[in-house]
Amino acid sequence: MKIDGKVIWITGASSGIGEALAIELSKRNCKLILSSRRESALLESKARCSGEDSNIAILPVDLEKTQELTEKAIEAEKIFGRIDILINNGGISQRSLVLETELNVYSRLMTINYLGAVALSKAILPGQIERGEGFHVAITSLVGKFGTPLRSGYSASKHALHGFYDSMRAELHDQGIKAMLVCPGFIKTNVSVNAFVGDGSSQGTMDSAQENGMEASVFAKKMIAAMEAEKEEICIGGKEKIGVLIKRFFPGLFSSMIKKAQVT
Ligand SMILES: NC(=O)c1ccc[n+]([C@@H]2O[C@H](COP(=O)([O-])OP(=O)(O)OC[C@H]3O[C@@H](n4cnc5c(N)ncnc54)[C@H](OP(=O)(O)O)[C@@H]3O)[C@@H](O)[C@H]2O)c1
C-alpha cells in the first residue's frame, strides 16, 4: 500500500508511539488527524511534524467516553472528507496484581484499550466500504499474545483487539477492508509512567524495560514499513519478541518461564 498522501487518523498522538508516527507520516505528505485527551499536548506533537500546517488537524477525543466516539468519527471524516487509515494507538497500561486490582480498573482498561478502538473502527467502516477501501491498524502488545504478571487487565484488553480485528478482516476483506495488528515489545515511552495501579491511579515511574527499550522513532519507521507491506500482524521490539515464539511452539516451557518472571 502506498502511504504517501493518505488521510490517517492517529489516536494517542500526544505522546510516545503516536507522536512518533505523526512525525514520520507527516514527512510522507499524509493528511493527519491527531487525537487524544490533551489538546495542548496534541498541539505540541503537531508542532514537531513537517509539511503544511493545513495537512495536520487536531481532534481531542477521550476513548473512555464511548458514547461520544461515533460523533467524533463523523467529525474526523469531515476534516479531510474521508479516513483512509485509522491507527488505534491510544491506550493505557497496568502494573498491579490481580488480588490488588479493583474491578473498575479492569472495566476502564477494557473500555479505553478495546471498546474505544472498536467504536472508532465501526463508525468509519460504512464510508470506507462505500469507497471500497480502508485500513485499520491496532496497536496491541506482546502481552496481546501472552499474559504476564502485573498486566492481567491490560493483557486481556490487548488479546481482545486480536479477536476483534482478526474477525473483522475475515468478514470484510472482500470489501477492501484491511486490518493490521501491531505488537510492540519494550518501547521507550511514558507507557509505564501512565500505567494504572490497583486503585486506578498512575504508577508514576518508568520501568527499566521501557527506559532501555527501542526508541519510538525507530518503532514508527518499522511500523510504517509494515503498513506499506500490508502485514496482517507484526511484533516490533527487541529480544523480548522471542516470547511469542516460545509460547507458540513450547507452551509448557513458556508457562514455567513466565511463572518465574519478576513480580515487581
Ligand atoms: N511503550 C511500550 O513499551 C508499549 C508496549 C506495548 C504496547 N504499547 C501500546 O502502544 C500504545 C501507545 O502507548 P505509548 O507507549 O506511546 O505510551 P504513552 O506515551 O503513555 O501514550 C499513550 C497515548 O494514549 C493516549 N491516551 C491514554 N488514555 C486515553 C484516553 N482515555 N483517550 C484518548 N487517548 C488516551 C495518551 O494521550 P492523552 O493523555 O493526551 O489522552 C497518549 O497519547 C498504547 O496502546 C500502548 O498500550 C506500548
Side-chain angles (χ1 to χ4, degrees), residues 9-23 33-46 48 58-69 72-73 76 86-95 105 107-117 119-120 137-146 148 150-151 153-162 165 181-196 200 202-220 222-223 234-238 240-241 243-244:
W9 187 10
I10 309 171
T11 67
S14 60
S15 164
I17 288 175
E19 181 184 62
L21 287 167
I23 291 169
I33 303 164
L34 309 184
S35 290
S36 80
R37 291 165 301 179
R38 293 170 300 139
E39 187 166 8
S40 55
L42 289 170
L43 287 166
E44 285 171 29
S45 293
K46 175 174 173 168
R48 292 186 193 108
I58 301 298
L59 179 64
V61 168
D62 185 343
L63 293 167
E64 200 167 1
K65 297 185 176 157
T66 46
Q67 71 285 358
E68 293 177 4
L69 295 180
K72 287 286 180 186
L86 168 63
I87 304 181
N88 273 314
N89 164 74
I92 198 106
S93 194
Q94 174 201 8
R95 297 292 184 273
V105 173
S107 172
R108 294 189 68 195
L109 286 163
M110 209 49 135
T111 303
I112 298 165
N113 294 345
Y114 171 66
L115 280 180
L120 297 187
V137 181
I139 310 295
T140 81
S141 171
L142 291 185
V143 302
K145 305 292 287 178
F146 52 76
T148 69
L150 297 170
R151 294 163 180 80
Y154 177 66
S155 173
S157 70
K158 296 298 190 179
H159 274 73
L161 288 169
H162 283 260
Y165 285 101
L181 290 147
V182 183
C183 313
F186 299 128
I187 314 300
K188 195 171 179 177
T189 70
N190 278 334
V191 73
S192 52
V193 178
N194 297 327
F196 287 149
S202 302
Q203 172 169 256
T205 53
M206 172 94 72
D207 290 356
S208 64
Q210 264 74 33
E211 182 74 61
N212 299 309
M214 178 182 279
E215 293 292 336
S217 56
V218 175
F219 174 92
K222 287 178 186 284
M223 186 182 126
I234 183 166
C235 298
I236 303 175
E240 64 277 8
K241 288 189 301 182
V244 176

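We number each residue from 1, following the sequence as shown. Because the structure is predicted, anything quoted here is derived from the model rather than measured. Atoms within each ligand, like the ligands themselves, are counted from 1 in listed order.
Contact annotation for Leu63 and ligand 1: heavy atoms of both the backbone and the side chain come within less than 4.0 Å of the ligand. Residue-level proximity to ligand 1 for Lys158 is carried by the side chain, the only part with a heavy atom below 4.0 angstrom. If you look at Gln210 next to ligand 1, the close heavy atoms, those under 4.0 Å, all belong to the side chain.
Rounding to the nearest 0.5 angstrom, the gap separating the OG atom in Ser36 from the CG atom in Leu59 is 10.0 Å. With rounding to the nearest 0.5 angstrom, the OG1 atom of Thr111 is 13.0 Å from the NZ atom of Lys65. Rounded to the nearest 0.5 angstrom, Asn89 CG and Glu19 CD are separated by 11.0 Å. Here the CG atom belonging to Asn190 is positioned 10.5 Å from the OG atom belonging to Ser202, to the nearest 0.5 angstrom. Distance check, rounded to the nearest 0.5 Å: CG of Leu34 to CG of Leu21 gives 10.5 Å. Interatomic distance, Ile10 CD1 to Leu86 CG, rounded to the nearest 0.5 Å: 10.0 Å.
When Thr140, Val191, Ile139 are ranked by how near their heavy atoms come to atom 7 (C) of ligand 1, first place goes to Thr140. Looking at Gly12, Gly18, Ser45, it is Gly12 that brings a heavy atom closest to atom 23 (C) of ligand 1. Scanning Gly90, Pro60, Gly16, Gly91 for the heavy atom closest to atom 27 (C) of ligand 1 points to Gly91. Scanning Ser36, Ala209, Ala138, Ser157 for the heavy atom closest to atom 34 (N) of ligand 1 points to Ser36.
Below 4.0 Å from some heavy atom of Arg38 lie the following atoms of ligand 1, by number and element: 38 (P), 39 (O), 40 (O). Interface of Val61 with ligand 1, defined as ligand atoms under 4.0 Å from a residue heavy atom, comprises 32 (N), 33 (C). Near Phe186, meaning under 4.0 Å from one of its heavy atoms, ligand 1 places the atoms 3 (O). Within the listing of ligand 1, atoms 2 (C), 3 (O), 4 (C), 5 (C), 6 (C) sit less than 4.0 angstrom from a heavy atom of Gly185. Each of the following atoms of ligand 1 lies closer than 4.0 Å to a heavy atom of Tyr154: 6 (C), 7 (C), 8 (N), 9 (C), 46 (C), 47 (O).
By the side chain to side chain donor-acceptor pair (under 3.5 Å) test, Asn113 pairs with Ser157, sequence neighbours left out. For Lys188, the salt bridge (Lys or Arg N to Asp or Glu O under 4.0 Å) test picks out Glu215, with sequence neighbours left out.
The closest protein non-hydrogen atom to atom 31 (N) of ligand 1 is Asp62 OD1, 3.0 Å. When only non-hydrogen protein atoms are considered, atom 21 (O) of ligand 1 lies nearest to Ser15 OG, 3.6 Å. Of the protein's non-hydrogen atoms, the one nearest atom 44 (C) of ligand 1 is Asn89 O, 3.1 Å. Regarding atom 48 (C) of ligand 1, its nearest protein heavy-atom neighbour is Ile17 CD1, 4.0 Å. If you check which protein heavy atom lies closest to atom 20 (O) of ligand 1, you get Asn194 ND2, 2.9 Å. Distance from atom 35 (C) of ligand 1 to its nearest protein heavy atom, with residue and atom name: Arg37 NE, 4.0 Å. For atom 15 (O) of ligand 1, the nearest protein heavy atom (residue, atom name, distance) is Thr189 OG1, 2.6 Å. Of all protein heavy atoms, the one closest to atom 43 (O) of ligand 1 is Ser14 OG, 2.7 Å.
Judged by distance alone, the side chain of Thr11 and the main-chain N or O of Gly90 form a donor-acceptor pair under 3.5 Å. The backbone N or O of Gly16 sits nowhere less than 3.5 Å from a side-chain atom of Thr189 that would complete a donor-acceptor pair. Listed for the Lys158 side chain is a donor-acceptor partner under 3.5 Å among the backbone atoms of Ile139. When atom types are taken as modelled, the side chain of Glu39 and the backbone of Pro60 share no donor-acceptor pair closer than 3.5 angstrom.
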